[in-house]
Amino acid sequence: MADKTFIVRIKRQQRPDESVRWEEYELRYRPHMNVIICLRDIAEKPFTQSGVESTPVSYDANCLEEVCGACAMLINGTARQACTALVDDLEKPIRLEPLTKFPLVRDLVVDRSKMFEDLKRTHCWIPIDGTYDIGEGPRMAPSVQEKGYPLSRCITCGNCLEVCPKVNQRDPFVGAAIVSQVRLFNMHPTGAMHSAERLDALMLPGGIADCDNAQNCVKACPKGIPLTESLAAVNGQVLVHAVKSWLRGE
Amino acid sequence: MTQPKIIVVGGGLAGLMATIRVAESGIPVDLFSIVPVKRSHSVCAQGGINAAKNLKGEGDSTWKHFDDTIYGGDFLANQPLVKGMCEAAPAIIDLLDRMGVMFNRTPEGLLDFRRFGGTLYNRTAFAGATTGQQLLYALDEQVRRFESEDKVKKFEGWTFLSVVLDDGGVCRGICGMDLRTMEIRTFPCDAAIFCTGGIGVVFGRSTNSVVCTGSAQSALFQQGVYYANGEFIQVHPTAIPGEDKCRLMSESARGEGGRVWVPKQAGDERAGKDIPENERFYFLEDWYPKYGNLVPRDVATRAIHKIVFEMKMGLVGEPAVYLDVTHIPRETLDRKLEGILEIYEKFVGVDPREEPMKVFPAMHYTMGGLWVDNQNQATNVPGIYAAGECEYQYHGANRLGANSLVSCIYGGMLAGPAAVRYSRGLESGCENVPGAIFERERVRQQDITDALLNQHKGTENPITIWREMGDIMTENVTVIRYNANLQKTLVKLDELSERFTRINLQDRTQWANQTLNFVRELGNMLILARVITMGALARDETRGAHYKPDFPERDDANWLKTTKASYNEGNIQLEYEPVDTSLLQPRERKYTAKA
């Protein structure tokens, strides 16, 4: 019996300044395949459906269990992680494209360093005094931990930025992931002592005022992070902070 | 000399901690990583981190943690540093807590602890079931803070190729490749700290991430660094088998009460949830009543193998057993295990809160690694340090669950200051090393790459060679080892190495060429596979994760010693050195005693 096969269509671009082409590959179906296995199959036999020799597809991937954030791409037009995109669940032919809101590197690889830069700009860390042993951390109510932990599972994949109508390569909006991280650090007992720095950063161009509440982000998050809740909470913090700053004459 | 210069290669837990410690001492760090450091493999650690804080009134102590670790490792670990690690662990947890890790809490707002394999104490602090991710993020954030103060410079998207050695054999820098431009470049430094993680990709399918190839360790080995105890490979008892990788189902599932079982009647075709309690065989609880489902990983893995392959009692249709958490209240599962249950749900499409999970052992961790000394995480090559999974120091013949995170952080804490002391003590720094020394290494590496790019007659596919290597390594060099099969593996590795010389690169572009990088890694993996297999072949005993049915007992008279592999002009040699057992007398390792 002939093997069951299916088609994967991939948007290829060898360099940012080169032209785009679409390629189709016919792959042998096996149970439990995901998009990563498809890309590996192509690397093993980089011949298109019409038999033309191509090159293995460049793509980012690391943990393959949706906890590192690397393998985000557009799969059948939806921004998601390739590792959890199971072939059985996808409409065929499967269409793979790079995320569009970040500079393209090659094929399915984009440069998401903007997100890490924005984490820096918004002071997303707890400023500890040093790594020497100075005893225990602050006590924390379980209820605070249960609010904070889901936020701290953000994998910086960029899917929430991809679907945001306000994010593009020209405007500086930081996007929901970063705002949600600000909320996380402002929630921590030590982090809260320095919340003003983070809120100041979010009052600059590209800050929270750029959010126009489309609410696409929360639907795109693979980790189910309550991003709209974070946007609302931080928006509230920024307003209070702005009023207090004004009253203090700053 | 002027300000020393230190390089850290690898941005997982060990690398980030080493970076923080060096930056804290006022010395700038260049941090190299293949992936953005926040995407490092440490994120995959799930269950937790061990520290004997004794917050549950159980009388736990750092000495008991030490004893469990040495005993669990079947007495192959050098003892003084393991003791140091266990003593440092409570303060490490405090530090992580201060950094903002969202550890689970008790009603009093203190850290909560759960039980893990190989111990009878609740000693494992945890942040849901994504503890590694949470710890990595905390260190990543601290490093980002140093980066914003210009104390750390990151080179993300660079891969390590080799070290630059001067004519006296001292490390004076590293040579790396930019994975976007494919540029090969050298970077001078006074000391380099390697925290390059696991080697799972050598086994094809493992629980490891794509970057865990061991390529850096192999490259260092080929340049003169010893590789120790390579044959000690941990196979985790509970993973979801997969074609791209095996996904870990953390030991914490059992720490929270999860039970492993198979139907009493072999060939029972009913769904797991439909099989009544009295028709289930809880073989771990039956065979190991004292530790039950929480025996160490090597013990649990061999038990599952026995059930499936010897007793033919595995599940119908696939080699697997049940890992069952359905009896645990949903609220507890969601609060403490959500991260891993979500993985099962997403990849298998079944809710493990409702149905028992189907799991099988998978290659998970290397106890062996770069040889480092008993004090400073220093390798035998001056200026080269190593910390984390890539070195061999802390776990002996088998690692206990939740000890890896603490060993990574402790190793990084030692390596950073040790590299600083060494650099400050140098008579002459890397700035005085002639440029020709660096150019020589750069040209050597460029030539290797050019040869691959210019090889137009190649016929061999890199992915095919890799899959074949992984298959034979998994078959013969994991759970059960026979000398005849290990011999066959060496023959196969010879064949693959020969075919590797005829590789077809398929992609000859000079921009983001992932195939080129993979092929370079593959060459290094083939050598590392040989080191592991040779070590296993030589060691005629059973100890921890190294199990030979033909030599079923631990043999302290002949084999209580560390394997040290060295490389000389293409030849791998094994030598041995004594284990430091100055603190605990070796005793029989037996988990079968009654409760």
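Below, chains carry the letters A, B, ... as their sequence lines are ordered, and counting in each starts from 1. Computed from a predicted structure; not experimentally measured.
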Look at [options] and state which one has the largest set of heavy-atom pairs under 4.5 Å with chain B.
options: A:E146, A:E44, A:H188; value: A:E44
options: A:S152, A:P46, A:P189, A:A70; value: A:S152
options: A:S113, A:G137, A:S54; value: A:G137
options: A:G148, A:P138, A:G135, A:A141; value: A:G135
options: A:I134, A:L184, A:V144; value: A:I134
options: A:D89, A:D88, A:V105; value: A:V105

Under a 4.5 Å heavy-atom cutoff, which of [options] has the most pairs with chain A?
options: B:E141, B:K38, B:E342; answer: B:E141
options: B:R21, B:M17, B:H41, B:R508; answer: B:R21
options: B:P90, B:G109, B:G339; answer: B:G109
options: B:I343, B:N104, B:I20; answer: B:N104
options: B:I34, B:L110, B:I93; answer: B:L110

Separation between [atom1] of [X] and [atom2] of [Y], rounded to the nearest 0.5 Å:
X: A:S143; Y: B:R105; atom1: OG; atom2: CZ; value: 11.5 Å
X: A:I42; Y: B:I463; atom1: CD1; atom2: CD1; value: 11.0 Å
X: B:R39; Y: A:R112; atom1: CZ; atom2: CZ; value: 4.5 Å
X: A:R106; Y: B:D507; atom1: CZ; atom2: CG; value: 4.5 Å
X: B:M413; Y: A:Y132; atom1: CE; atom2: OH; value: 12.0 Å
X: A:N62; Y: B:C212; atom1: CG; atom2: SG; value: 6.5 Å

Checking [X] against chain B: side chain, backbone, both or neither under 4.5 Å from a heavy atom?
X: A:L151; value: neither
X: A:F185; value: side chain
X: A:Q14; value: both

Inset, instruction - Apply the test side chain to side chain contact (heavy atoms under 4.5 Å, CB included) to residues B:Q506 and A:T55: give CA-CA distance (whole Å), side-chain angles for both, the deciding distance (0.1 Å), then the verdict. - result: CA-CA 6 Å; B:Q506 295 167 330; A:T55 52; 5.9 Å; no
Does any heavy atom of chain A fall under 4.5 Å from the side chain of [X], the backbone, both, or neither of them?
X: B:I240; answer: neither
X: B:F347; answer: both
X: B:S148; answer: both
X: B:F103; answer: backbone
X: B:T464; answer: both
X: B:Q46; answer: side chain
X: B:V211; answer: both
X: B:R467; answer: side chain
X: B:P107; answer: backbone
X: B:S40; answer: backbone
X: B:E108; answer: both

Inset, instruction - Could you list which of residues 115-130 of chain A have a heavy atom closer than 4.5 Å to any heavy atom of chain B, in residue-number order? - result: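 The list, in residue order, reads A:F116, A:L119, A:K120, A:C124, A:W125, A:I126, A:P127, A:I128, A:D129, A:G130.
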Inset, instruction - State whether the number of non-hydrogen atoms from other residues, nucleotides or ligands found under 6.0 Å of A:E91 atom CD is greater than 12. - result: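 Atom CD in A:E91 is not packed in, count stays at 12 or less.
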Legend entry - Greater than 12 external heavy atoms within 6.0 Å of A:H194's NE2: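 Correct, the count exceeds 12.
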Is a side-chain donor or acceptor of [X] paired with a backbone partner of [Y] at a separation under 3.5 angstrom?
X: B:Y137; Y: A:C154; result: yes
X: B:N461; Y: A:K45; result: no
X: A:Q145; Y: B:M102; result: yes

Legend entry - Pair B:E24-A:T131, side-chain donor/acceptor within less than 3.5 Å: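 A donor-acceptor contact under 3.5 Å links the two side chains.
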Legend entry - Between A:T84 and B:K346: side-chain donor-acceptor atoms closer than 3.5 Å: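 Their side chains do not contain a donor-acceptor pair, so the 3.5 Å distance test is not met.
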Inset, instruction - Output yes when B:R180 and A:D111 qualify as a salt bridge under the 4.0 Å nitrogen-oxygen rule, no when they do not. - result: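 Yes, this pair counts.
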Legend entry - SB check A:R40 B:E243 (cutoff 4.0 Å):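 Salt bridge between A:R40 and B:E243, a charged N being under 4.0 Å from a carboxylate O: no.
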Legend entry - A:P16 to B:W511 - nearest heavy-atom pair and separation: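 Minimum heavy-atom separation between A:P16 and B:W511: CD-NE1, 3.8 Å.
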Inset, instruction - Check B:A512 against A:S58 and note the closest heavy-atom contact, atom names and distance. - result: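 Smallest heavy-atom distance, with atoms named: O-OG, 3.0 Å.
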Legend entry - pair A:L64-B:R247: side-chain heavy atoms closer than 4.5 Å: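 The answer is yes; the side chains approach within 4.5 Å.
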Inset, instruction - For the residue pair A:E136 and B:L111, establish whether any side-chain heavy-atom pair is separated by less than 4.5 Å. - result: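 SC-SC contact between A:E136 and B:L111 ruled out.
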Legend entry - Step-by-step side chain to side chain contact (heavy atoms under 4.5 Å, CB included) determination, B:K245 to A:I36: CA-CA 10 Å; B:K245 89 172 291 192; A:I36 299 292; over 6 Å; no
